[in-house]
Amino acid sequence: MKKDRQGLDSHVLRFFARLDTNRPIDMDRTFIISFFLSDDTISVFEPEKRNSGIVHGKFIERSKIMNPSGGYYQAEDIYVGAVVNFRSHQFVITDADEYALSYAEQHKD
């Protein structure tokens with residue numbers, strides 16, 4: 001997929017994910033994965049969940065993340081249903097925002 005940028009602003013693909021784990025305390029945790037098209041960087045944010053006892057906020061700071069095969073994650077590697085491994089945390093992509101879905105539809109080559 002080609003890079004998408006207007007001026008200094010990067011277009012961002014946002015995905016919703018959960019941890020792929022059997023630990024009961026982690027099973028209900030949800031995350032927002034942001035993929036920045038201008039430089040192929042990724043950030044992971046955990047929204048606040050009241051009374052969970054888990055600290056919310058930035059989970060993985062924006063950076064390029066290596067995939068298990070040794071390269072860096074690209075936009076086409078992250079889609080609904082994909083299982084991705086970011087820094088020893090395995091995530092299952094469960095949903096995407098409207099922009100991410102329309103971008104994927106337009107760039108499915």
Quiz prompt | Shared hydrophobic cluster for M27 and F86 (ILVMFWY, side-chain gaps under 4.5 Å) | solution = no
Practice problem: Would you sort out whether Y103 and H11 count as a ring-ring contact (aromatic ring centres under 6.0 Å, His included), showing the intermediate values? | Solution: CA-CA 10 Å; Y103 184 85; H11 289 263; 8.2 Å; no
Exercise. State the CZ-NE2 distance between F31 and H89, to the nearest 0.5 angstrom.
Key: 8.0 Å
Exercise. Only counting residues at least two apart or in another chain, list the ones meeting side-chain hydrogen bond (donor to acceptor under 3.5 Å, both in side chains) with E105.
Key: K108
Name every donor-acceptor pair, under 3.5 Å, that has one atom in a side chain of residues 65-73 and the other anywhere in the protein, sequence neighbours excluded.
unit_1 : atom_1 : unit_2 : atom_2 : d
N67    : OD1    : S69    : N      : 3.1
N67    : OD1    : S69    : OG     : 2.8
N67    : OD1    : G70    : N      : 3.2
N67    : OD1    : G71    : N      : 3.0
Y73    : OH     : N85    : N      : 2.9
Y73    : OH     : N85    : O      : 3.3

Quiz prompt | Residues clustering with V92 (ILVMFWY side chains joined when closer than 4.5 Å, directly or via others) | solution = V83
Quiz item: Is there a side-chain contact between V44 and F91 (heavy atoms, below 4.5 Å)?
Solution: yes
Quiz item: Just how far is it from atom OH of Y79 to atom CG of L13, taken to the nearest 0.5 Å?
Solution: 14.5 Å
Quiz item: How many angstroms lie between atom CG of L37 and atom NE2 of H107, to the nearest 0.5 angstrom?
Solution: 8.5 Å
Quiz item: If every non-hydrogen atom of R29 is compared with every non-hydrogen atom of F59, which pair is closest and at what distance?
Solution: NH2-CE1, 3.6 Å
Quiz item: Could you go step by step and tell me if D77 and V84 meet the side-chain contact (heavy atoms from CB on, under 4.5 Å) rule?
Solution: CA-CA 8 Å; D77 298 329; V84 293; 5.7 Å; no
Quiz item: Which heavy atom of T30 sits nearest a heavy atom of E46, and at what distance?
Solution: O-CG, 3.5 Å
Self-check item: Candidate pair I42 and I60, rule side-chain contact (heavy atoms from CB on, under 4.5 Å), full reasoning
Solution: CA-CA 8 Å; I42 297 169; I60 297 177; over 6 Å; no
Quiz prompt | Partner set under side-chain hydrogen bond (donor to acceptor under 3.5 Å, both in side chains) for S63, not counting sequence neighbours | solution = R87
Quiz item: Where do P47 and I32 come nearest, in terms of heavy atoms and distance?
Solution: CG-CD1, 4.0 Å
Quiz item: Can you name the residues that form a side-chain contact (heavy atoms from CB on, under 4.5 Å) with T41, not counting sequence neighbours?
Solution: F36, D39, R62, K64
Please set out all donor-acceptor pairs under 3.5 angstrom arising from side-chain atoms of residues 14-23, sequence neighbours excluded.
unit_1 : atom_1 : unit_2 : atom_2 : d
D20    : OD2    : Q90    : NE2    : 3.4
T21    : OG1    : R23    : N      : 3.1
R23    : NH1    : D26    : OD2    : 3.1

Exercise. Taking all non-hydrogen atoms of both residues into account, name the closest pair between I78 and F35 and its distance.
Key: CD1-CD1, 3.7 Å
